[in-house]
Enquirer: 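Below are the structure tokens for one structure; questions will follow.
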Amino acid sequence: SGMLQGNFGTSLFTHTPVFNEVMSRFPATIELALFAIIVASVVGVTLGVVSAVKQNSIFDYASMTISLMGVSMPIFWLGLIMIVVFSLKLGWFPVSGRIQMGYDPAHVTGLYILDSILTGNTAAFKSAVEHIILPGTALAMYSMAIIARMTRSTMLETLGQDYIRTARAKGIVERVVIVRHALRNAMIPIVTVIGLQMGGLLGGAVLTETVFSWPGVGSYTVESILKSDSCLSISIYRLCCRDPILVNLAVDLIYSVLDPRIKYS
């Protein structure tokens with residue numbers, strides 16, 4: 001139904017085919033968001049730590065410039081550039097889609113990469129990875145930039161603390177000082193930012209899925225908007241609002257692991 005009803009969620013949950021369609025697309029969006037946040041976290045934290053340790057070096061300036069570009073460049077524009085360069089010009093990655101036709105792995109979780117690993121389907125795993133690299137990287141750029149800048153700022157503050165100078169004065173190896181003493185104490189604000197970015201990735205997935213023809217909830221949302229199906233659009237929005245709540249819960253639980261002084265009752 002395209003008309004706005006009194007209960008915004010009625011359209012989605014009373015029309016079983018629509019609900020099934022949304023749920024069948026949901027694993028694709030989750031897989032894309034998980035891939036993006038993993039890439040953003042690993043690259044962002046690494047760039048931030050190295051930039052803080054090598055403050056005012058060429059690497060520091062280069063990484064912060066890349067971070068500035070990541071924050072400034074729109075996802076849809078970055079996605080189009082990546083398609084032109086890496087797909088059309090170089091031919092390294094597929095232009096669109098989630099997996100090559102006929103390579104679908106056996107359904108276990110709905111996440112193609114994980115399902116191909118669980119079922120031992122090497123061909124499906126290779127195809128799924130090739131298809132997710134471009135959209136996942138495009139979606140990760142903004143979050144990677146935010147995480148890198150936050151990591152650098154937090155690490156610089158932590159490295160100036162007295163206990164860091166004490167650890168160095170005791171002759172502890174620099175790598176141990178940075179990883180076990182500085183980074184671990186700086187992780188709480190970093191984890192907070194990562195959690196916030198994970199929630200934001202679901203919103204950014206709408207543009208990314210549209211540019212790369214990724215068969216997820218984001219592209220389905222665009223289709224519903226173009227069809228002027230207000231009920232379906234709002235229902236999908238309400239369904240996706242649950243994920244940030246779960247992410248925030250996971251972040252709160254991680255706090256107690258990083259800092260034993262934090263207790264929940």
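Values below: every heavy atom of this structure, side chains too, minus hydrogens, waters and symmetry copies.
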Enquirer: If you group Ile, Leu, Val, Met, Phe, Trp and Tyr whenever their side-chain heavy atoms sit less than 4.5 Å apart, what else falls in with Leu68?
Expert: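 Its cluster mates, by chain and number: none.
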Enquirer: Are side-chain heavy atoms of Glu130 and Pro94 found at a separation under 4.5 Å?
Expert: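 Side-chain contact under 4.5 Å: yes.
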Enquirer: May I ask you to check whether over 12 heavy atoms, not counting those of Ile58, lie within 6.0 Å of atom CD1?
Expert: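 No, not enclosed.
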Enquirer: Using every non-hydrogen atom in the two residues, find where Leu111 and Arg98 come nearest and quote the distance to one decimal.
Expert: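 So the two residues come closest at CA-NH2, 3.8 Å.
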Enquirer: Which atom pair, heavy atoms only, marks the closest approach of Ala140 to Ala40?
Expert: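 Minimum heavy-atom contact is O-CB, 3.7 Å.
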Enquirer: Mind checking whether Glu31 and Leu114 have side chains closer than 4.5 Å, heavy atoms only?
Expert: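 Not in contact.
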Enquirer: Give a yes or no on whether Leu90 and Leu88 share a hydrophobic cluster (residues Ile, Leu, Val, Met, Phe, Trp, Tyr; joining criterion: side-chain heavy atoms under 4.5 Å apart).
Expert: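 They do share one cluster, since a chain of ILVMFWY contacts under 4.5 Å joins Leu90 to Leu88.
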Enquirer: Is any side-chain heavy atom of Pro27 closer than 4.5 Å to a side-chain heavy atom of Thr109?
Expert: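 With C-beta onward as the side chain, the pair stays apart.
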Enquirer: If you look at every heavy atom in Pro105 and Tyr112, which pair is closest and at what distance?
Expert: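 Smallest heavy-atom distance, with atoms named: CG-O, 3.8 Å.
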Enquirer: For atom CE of Met82, decide whether the heavy atoms of other residues, nucleotides or ligands shown that lie under 6.0 angstrom number more than 12.
Expert: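 Correct, the count exceeds 12.
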Enquirer: Output the distance between atom OG (Ser67) and atom CE (Met141), rounded to the nearest 0.5 Å.
Expert: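 One gets 8.0 Å once the value is rounded to the nearest 0.5 Å.
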Enquirer: So if you build clusters from Ile, Leu, Val, Met, Phe, Trp, Tyr with side-chain heavy-atom gaps below 4.5 Å, do Trp92 and Ile99 land together?
Expert: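 They do not share one cluster, since no chain of ILVMFWY contacts under 4.5 Å joins Trp92 to Ile99.
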Enquirer: Apply the test side chain to side chain contact (heavy atoms under 4.5 Å, CB included) to residues Asn56 and Tyr61: give CA-CA distance (whole Å), side-chain angles for both, the deciding distance (0.1 Å), then the verdict.
Expert: CA-CA 7 Å; Asn56 298 326; Tyr61 293 133; 3.8 Å; yes
Enquirer: Distance from Leu183 atom CG to Ile178 atom CD1, nearest 0.5 Å?
Expert: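 Going from the CG atom of Leu183 to the CD1 atom of Ile178 covers 9.5 Å.
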Enquirer: Within a strict 4.5 Å, meaning less than it, do heavy atoms of the Thr158 and Tyr163 side chains meet?
Expert: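 A side-chain contact under 4.5 Å exists here.
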Enquirer: Find out whether His181 and Ile164 are in side-chain contact, i.e. whether some heavy atom of one side chain is under 4.5 Å from a heavy atom of the other.
Expert: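 His181 vs Ile164: side chains touch.
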Enquirer: Find out whether Gln100 and His131 are in side-chain contact, i.e. whether some heavy atom of one side chain is under 4.5 Å from a heavy atom of the other.
Expert: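 With C-beta onward as the side chain, the pair touches.
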Enquirer: One pair to check against side chain to side chain contact (heavy atoms under 4.5 Å, CB included): Val84 and Leu80. What are the steps and the verdict?
Expert: CA-CA 6 Å; Val84 171; Leu80 292 174; 5.5 Å; no
Enquirer: Taking atom CD of Glu174 and atom CD1 of Ile172, what is their separation to the nearest 0.5 Å?
Expert: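 Here the interatomic distance stands at 10.5 Å.
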Enquirer: What about Ile83 and Val85, same hydrophobic cluster or not, with Ile/Leu/Val/Met/Phe/Trp/Tyr joined at side-chain heavy-atom distances under 4.5 Å?
Expert: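 The answer is yes; both residues are in one hydrophobic cluster.
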Enquirer: Is there side-chain contact between Val108 and Thr119, with heavy atoms separated by less than 4.5 Å?
Expert: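 SC-SC contact between Val108 and Thr119 confirmed.
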Enquirer: A quick test of your reading: do over 12 heavy atoms of other residues, nucleotides or ligands sit less than 6.0 Å from OH of Tyr103?
Expert: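 At most 12 heavy atoms, drawn from other residues, nucleotides or ligands, come within 6.0 Å of this atom.
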Enquirer: With side chain to side chain contact (heavy atoms under 4.5 Å, CB included) as the test, would you mind laying out the steps for Met64 and Arg152 before giving the verdict?
Expert: CA-CA 9 Å; Met64 289 302 101; Arg152 179 182 182 275; 3.5 Å; yes
Enquirer: Between the main-chain N or O of Phe93 and the side-chain N or O of Ser87, is there a donor-acceptor pair closer than 3.5 Å?
Expert: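 Here the side-chain-to-backbone pair exists.
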Enquirer: With clusters defined by side-chain heavy atoms of hydrophobic residues (ILVMFWY) lying less than 4.5 Å apart, directly or transitively, does Ile147 cluster with Leu156?
Expert: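 No.
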Enquirer: To the nearest 0.5 angstrom, please state how far the CD1 atom of Ile194 sits from the OG1 atom of Thr151.
Expert: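 That separation rounds to 7.0 Å.
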Enquirer: Which atoms form the tightest heavy-atom contact between Ser96 and Ser213, and what is the distance?
Expert: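 Taking every non-hydrogen atom into account, CB-CB, 3.6 Å.
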Enquirer: So if I apply the side chain to side chain contact (heavy atoms under 4.5 Å, CB included) rule between Ser63 and each of Leu47, Val43, Thr46, which one comes out positive?
Expert: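 It is Leu47, the one option of Leu47, Val43, Thr46 that forms the side chain to side chain contact (heavy atoms under 4.5 Å, CB included) with Ser63.
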Enquirer: For Met144 and Val39: C-alpha separation, side-chain torsions, deciding distance, then whether side chain to side chain contact (heavy atoms under 4.5 Å, CB included) applies.
Expert: CA-CA 8 Å; Met144 182 204 71; Val39 171; over 6 Å; no
Enquirer: Group every Ile, Leu, Val, Met, Phe, Trp and Tyr by side-chain heavy-atom contacts under 4.5 Å, then state whether Val42 and Met155 land in the same group.
Expert: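 The answer is yes; both residues are in one hydrophobic cluster.
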Enquirer: Does Ile113 offer a backbone N or O that forms a donor-acceptor pair with the side chain of Ser116 under 3.5 Å?
Expert: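 The answer is yes, because a donor-acceptor pair under 3.5 Å joins these two groups.
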Enquirer: To the closest 0.5 Å, what do you measure between CZ (Phe86) and OG1 (Thr137)?
Expert: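 Result: 8.5 Å between the selected atoms.
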Enquirer: If every non-hydrogen atom of Phe212 is compared with every non-hydrogen atom of Val95, which pair is closest and at what distance?
Expert: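 Scanning both residues completely, I find the closest heavy atoms to be CD2-O, 3.8 Å.
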Enquirer: Return the CG to OG1 distance between Leu139 and Thr29, rounded to the nearest 0.5 Å.
Expert: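 Going from CG on Leu139 over to OG1 on Thr29, the span is 10.0 Å.
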Enquirer: Can you tell me if CD on Gln161 sees more than 12 non-hydrogen neighbours from other groups inside 6.0 Å?
Expert: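 More than 12 heavy atoms, drawn from other residues, nucleotides or ligands, come within 6.0 Å of this atom.
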Enquirer: Looking only at atom types and distance, does a side-chain atom of Trp214 sit under 3.5 Å from a main-chain N or O of Thr208, one as donor and one as acceptor?
Expert: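 No.
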Enquirer: Looking at side-chain heavy atoms only, is the closest gap between Arg168 and Leu159 below 4.5 Å?
Expert: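 Yes - at least one pair of side-chain heavy atoms lies under 4.5 Å apart.
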